[in-house]
Chemist: 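To start, I am sharing the structure in question, which I have written as structure tokens.
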Amino acid sequence: MKIHMFSGSGFAWRIQLACELKGIPYETAYMQPTPENLKSASFLELSPRGRVPAIESGAYTLSESLAILAYLDAKHPDRPLFGTTPEETGRIWQKCLDFDLYVSGDFIPNLIAPIVQGRATSDADTLRNGAEIAHNELEKLDAGVNASGWMVGEGVSAADVVLYTMIEPVIRFATKPEVLPLGLDFDGFANRYPKLQAWREKVQSLPEYDVTYPTYWREVDQQHAAAS
Ligand SMILES: N[C@@H](CCC(=O)N[C@@H](CS)C(=O)NCC(=O)O)C(=O)O
């Protein structure tokens with residue numbers, strides 16, 4: 001199976017993490033996130049909205065990360081990511097859909113995109129607004145972490161995969177040196193959201209996690225470490 005993606009895409013990270021957790025063999029087909037690539041006729045055949053991720057498995061192709069997660073879980077039932085009881089399945093879908101329908105749509109244009117695109121200072125009002133929305137949601141998510149430390153049930157599920165791969169980019173970008181003067185308080189994440197911080201560490205300590213860490217982020221981290 002081939003995953004079409006670009007490094008640092010949270011939506012694509014979901015698929016790679018799910019494959020690792022479930023032991024599904026895959027190869028990554030990285031592309032540069034340019035309109036020429038994303039909106040090319042050949043890529044639109046795989047992903048009609050020209051977005052990553054998209055997968056190819058033999059003649060079968062699929063886009064939309066939640067659909068891909070559901071497909072992978074049905075195709076490879078070992079280590080289920082959508083629960084082991086109907087109640088868990090419902091709860092996991094609720095968390096995934098709630099996040100994608102009401103939250104990630106705000107996180108990206110209001111918080112992540114202005115920083116990635118170098119508009120942290122010139123677009124500070126958008127960022128402050130994005131941070132307020134994000135903190136409001138993070139408070140609810142912090143209160144909603146299960147007693148097990150996972151989002152739903154006793155083990156890692158699609159809810160963890162979906163939320164983690166979007167929350168981690170928010171923390172990464174909103175704690176960049178050029179953003180800190182805005183006082184958005186993501187550098188205080190661990191104190192402000194202790195349950196989410198413990199959950200974050202739980203995800204990071206999964207043996208399958210490390211290999212999925214975005215290669216582009218790793219390169220940038222290594223360059224910074226070498227320069228300091
Ligand atoms: N709902 C889609 C969202 C995918 C998405 O927005 N991907 C971004 C990368 S993180 C993308 O490809 N953006 C390119 C564009 O919008 O042109 C999913 O869950 O797969």
Side-chain angles (χ1 to χ4, degrees), residues 1-84 88-90 92-101 103-105 107-108 112-113 116 151-152 155-170 172 203-204 206-219:
M1 190 187 82
K2 197 184 272 188
I3 309 174
H4 294 267
M5 59 185 290
F6 52 82
S7 184
S9 157
F11 292 107
W13 193 1
R14 295 174 174 182
I15 309 310
Q16 207 184 348
L17 186 52
C19 284
E20 290 290 340
L21 289 170
K22 293 175 74 65
I24 302 169
Y26 65 93
E27 60 182 273
T28 43
Y30 287 108
M31 60 163 77
Q32 287 298 319
T34 61
E36 292 74 31
N37 290 337
L38 288 162
K39 311 301 176 205
S40 68
S42 59
F43 189 64
L44 289 174
E45 265 180 39
L46 299 176
S47 176
R49 293 192 186 272
R51 291 175 178 232
V52 298
I55 60 157
E56 274 183 279
S57 180
Y60 185 70
T61 64
L62 193 62
S63 59
E64 283 301 321
S65 60
L66 292 182
I68 298 170
L69 290 178
Y71 161 78
L72 293 175
D73 215 39
K75 186 96 179 162
H76 305 270
D78 281 353
R79 199 172 190 183
L81 290 178
F82 283 94
T84 52
E88 272 184 17
T89 303
I92 291 165
W93 271 112
Q94 181 190 24
K95 293 245 179 201
C96 293
L97 287 172
D98 183 77
F99 193 69
D100 270 16
L101 291 173
V103 184
S104 63
F107 276 18
I108 295 172
I112 298 179
V116 173
M151 282 295 160
V152 180
V156 64
S157 75
D160 303 292
V161 170
V162 163
L163 270 68
Y164 180 87
T165 49
M166 189 62 71
I167 290 174
E168 201 56 31
V170 167
R172 179 180 175 89
V203 175
Q204 289 165 352
L206 288 165
E208 297 84 0
Y209 172 80
D210 201 47
V211 73
T212 72
Y213 188 79
T215 46
Y216 173 63
W217 291 8
R218 205 184 292 280
E219 283 161 20

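Treat the numbers as computed from the prediction; the structure is a model and nothing was measured.
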Chemist: Would you indicate whether the side-chain heavy atoms of Pro80 and Asp73 approach each other to under 4.5 Å?
Modeler: yes
Chemist: With a 3.5 Å distance limit and no angle check, can you tell me whether Lys2 reaches the backbone of Glu56 through a side-chain donor-acceptor pair?
Modeler: no
Chemist: For the side chain of Lys22 and the backbone of Asp78, is there at least one donor-acceptor N/O pair under 3.5 Å apart?
Modeler: yes
Chemist: For Leu21, is there any backbone N or O sitting under 3.5 Å from a side-chain donor or acceptor partner on Arg79?
Modeler: yes
Chemist: Tell me whether Ser47 contacts the main-chain N or O of Ala54 through its side chain, where contact means a donor paired with an acceptor under 3.5 Å.
Modeler: no
Chemist: Work out which heavy atom in Asp100 is nearest to a heavy atom in Val162; give both atom names and the distance.
Modeler: OD1-CG1, 4.1 Å
Chemist: To the closest 0.5 Å, what do you measure between OG (Ser157) and CD1 (Ile92)?
Modeler: 4.0 Å
Chemist: Which pair of non-hydrogen atoms, one from Met1 and one from Cys19, has the smallest distance, and what is that distance?
Modeler: CE-SG, 3.5 Å
Chemist: Taking the six-membered ring for Trp, are Phe82 and Trp93 parallel (under 30°), tilted (30 to 60°) or perpendicular (over 60°)?
Modeler: parallel
Chemist: Could you tell me the separation between the NZ atom of Lys39 and the CZ atom of Arg51, rounded to the nearest 0.5 Å?
Modeler: 6.0 Å
Chemist: Would Gln204 and Tyr164 count as a side-chain hydrogen bond (donor to acceptor under 3.5 Å, both in side chains) here? Give the steps.
Modeler: CA-CA 9 Å; Gln204 289 165 352; Tyr164 180 87; 3.0 Å; yes
Chemist: Please give me the minimum heavy-atom distance between Gly155 and Asp160, naming the atom from each residue.
Modeler: O-OD2, 3.8 Å
Chemist: Evaluate the side chain to side chain contact (heavy atoms under 4.5 Å, CB included) criterion for residues Leu38 and Val52: first the C-alpha distance (whole Å), next the side-chain angles of each, then the deciding distance (0.1 Å), finally the verdict.
Modeler: CA-CA 8 Å; Leu38 288 162; Val52 298; 4.0 Å; yes
Chemist: Quick one: CD1 on Ile3 to CD1 on Ile68, what's the gap to the nearest 0.5 Å?
Modeler: 8.0 Å
Chemist: Side-chain contact, heavy-atom cut-off 4.5 Å: Val103 with Leu163?
Modeler: no
Chemist: Would the distance check show the side chain of Trp217 and the main-chain N or O of Gly8 forming a donor-acceptor pair, the cut-off being under 3.5 Å?
Modeler: no
Chemist: Are more than 12 heavy atoms from other residues, nucleotides or ligands located less than 6.0 Å from atom NZ of Lys75?
Modeler: no
Chemist: Short question: side chain of Lys95, backbone of Val152 - any donor-acceptor pair under 3.5 Å?
Modeler: no
Chemist: So, taking the atom named OH in Tyr30 and the one named OH in Tyr216, what distance separates them when rounded to the nearest 0.5 Å?
Modeler: 13.5 Å
Chemist: Of all the heavy-atom pairs spanning Asn37 and Gln32, show the shortest one and how long it is.
Modeler: ND2-O, 2.9 Å
Chemist: Report yes or no: does Ser57 contribute a side-chain atom to a donor-acceptor pair with the main-chain N or O of Tyr60 at less than 3.5 Å?
Modeler: no
Chemist: Can you tell me how far the CG atom of Leu69 sits from the CZ atom of Arg14, to the nearest 0.5 Å?
Modeler: 7.0 Å
Chemist: Taking the side chain as every heavy atom from C-beta outward, state whether Phe11 and Met166 have any atom pair closer than 4.5 Å.
Modeler: yes
Chemist: Taking all heavy atoms of Thr61 and all of Glu45, pick out the closest pair and write down the distance.
Modeler: OG1-O, 4.5 Å
Chemist: Within the 3.5 Å criterion, strictly below it, is a donor on Glu20 or Tyr26 matched to an acceptor on the partner's side chain?
Modeler: yes
Chemist: List the atom of Pro48, the atom of Ser63, and the distance in Å for their closest heavy-atom pair.
Modeler: CD-OG, 3.6 Å
Chemist: Nearest 0.5 angstrom please: Glu88 CD to Leu81 CG, how far?
Modeler: 11.5 Å
